[in-house]
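In what follows, a single structure is set out as structure tokens and then discussed.
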2 protein chains.
Amino acid sequence: MAVSRPIAAGTARARRSAKASSEAPLLADHLSQYLGYSLKRAQLRIFDDFMRCVAPLQLTPAQFSVMLLLEKNPGRNQTEIATTLGILKPNFVALLDDLEKRGLCLRVRSVNDRRSHILALTEKGAAALVRAKKLIAAKHEARLRALLGDDKRALLLSMLETIARDF
Amino acid sequence: MAVSRPIAAGTARARRSAKASSEAPLLADHLSQYLGYSLKRAQLRIFDDFMRCVAPLQLTPAQFSVMLLLEKNPGRNQTEIATTLGILKPNFVALLDDLEKRGLCLRVRSVNDRRSHILALTEKGAAALVRAKKLIAAKHEARLRALLGDDKRALLLSMLETIARDF
DNA sequence: TATTGTTATACTCTATAACTATA
DNA sequence: TATAGTTATAGAGTATAACAATA
């Protein structure tokens, strides 16, 4: 049971739509003081918007990150790609099955080590990735820049990386 | 299949532990440019650390947020608390069952509206919450302050709130 | 009729053990 | 003996429909 899609009780929107059962809005501002809470709320919003922006291509954030990694790292096998993204090998199978079934990527048996599947984007996959990157840049990331400004956006990303790396 | 617990291929740690199958580390730095990716990575780290810090009390972030809300908003019913946190009513039942079974909170039938369950922390629940807050302040949030500094921490929180509210 | 809390249920994401085929 | 990919499975988290009691 995670903290998801919260309704900010302190916002004008929440105050306007207060239920008749109790006029006073709930006090929830103190929750935002906790990094985990704010981080989770922001992450859900961002993933939601990401999915909407990339909806024509039907790609989840995880699928997009896999395809991005395949593009920049040709010749790698499933274990290497999955591990880099923090996806466990058993859970990576279905994700790849889906991408492969849609003709976006390929598994090829390695000649050096016949246990390994070398992963590659198909032409269709590469084209889809190009389109996805354009949609994300034009809609998703552009919206973020408009909201925060370029300097604050860069600072936010660097702080998040710091937390992911050093916390 | 989400982006979780990733291994930063560019870190010194990752380079040291590179597998024999392929000496070259994977290029994954470009992923950090995407807010969703960095946000998710940071969120997983923070939730992980939150759980470790509060392990003596066996509270999840969601349970903690519920108890915090009960403390600041006495006399509210299940729907109000759940909705404020973005928890769907059916999913809130098991969470409350667990807290109530452990003697941390209570459901009381409302006298005004006998359909409603008014929620309240027990004395034991209030005491646990005090302890949890102390553990989080002393370990979890202190670590964040040490990592980012006070000014950047405040800026990070305000940017995350902006995203959650206005994106 | 509508709402509160609840049950049942399903789907996604995450995690572990164990199998197969290779090495 | 160990590793790569896979299967089976279990547990969280999240979502919807529908029910009983009450309004």
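All values reported here derive from a predicted model rather than from experimental measurement. Because only heavy atoms are used, hydrogens play no part in the values below, and waters and symmetry mates are left out as well, while side chains stay in. A, B, ... follow the sequence lines: proteins, then strands. Residue 1 opens every chain.
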Between A:Asp97 (CG) and D:dT7 (P), how many Å, whole number?
7 Å

Tell me which nucleotide among D:dA4, D:dT7, D:dA15 gets nearest to the side chain of A:Lys89.
D:dA4

Value in whole Å for how far the P atom of D:dA23 lies from NE2 of B:His117:
12 Å

What distance do A:Leu119 atom CG and A:Leu69 atom CG have between them, rounded to the nearest 0.5 Å?
10.0 Å

Could you tell me whether the phosphate oxygens of C:dG5, OP1 or OP2, come under 4.0 Å of any side-chain nitrogen or oxygen in B:Thr79?
yes

Give a yes/no on whether any side-chain N or O of A:Arg76 is located under 4.0 angstrom from OP1 or OP2 of D:dA4.
no

How long is the gap from CG on B:Leu99 to NZ on B:Lys124, to the nearest 0.5 Å?
11.0 Å

Would you check if there is a donor-acceptor pair between the side chains of B:His140 and B:Asp49 at a distance under 3.5 Å?
yes

CG of B:Asp113 versus C1' of C:dT4: gap in Å, rounded?
7 Å

Between B:Leu96 (CG) and C:dT7 (P), how many Å, whole number?
12 Å

Output the rounded distance in Å from CD (B:Glu80) to C1' (C:dG5).
13 Å

Starting at CG of B:Leu95 and ending at P of D:dA12, how long is that distance when rounded to a whole Å?
12 Å

Does A:Arg115 or A:Pro90 map to a spot on DNA chain C nearer the 5' end, using the closest nucleotide for each?
A:Pro90

Grab the CG-C1' distance between B:Asp98 and D:dG11 for me, whole Å please.
14 Å

Within this structure, what is the CD1-to-C1' distance between A:Ile81 and D:dG5, rounded to whole angstrom?
15 Å

Under a 4.0 Å N-O cut-off, is there an ion pair linking B:Asp98 with B:Arg102?
yes

base_contact_polar (C:dT22 base, A:Arg114 side chain, donor-acceptor, <3.5 Å)
no

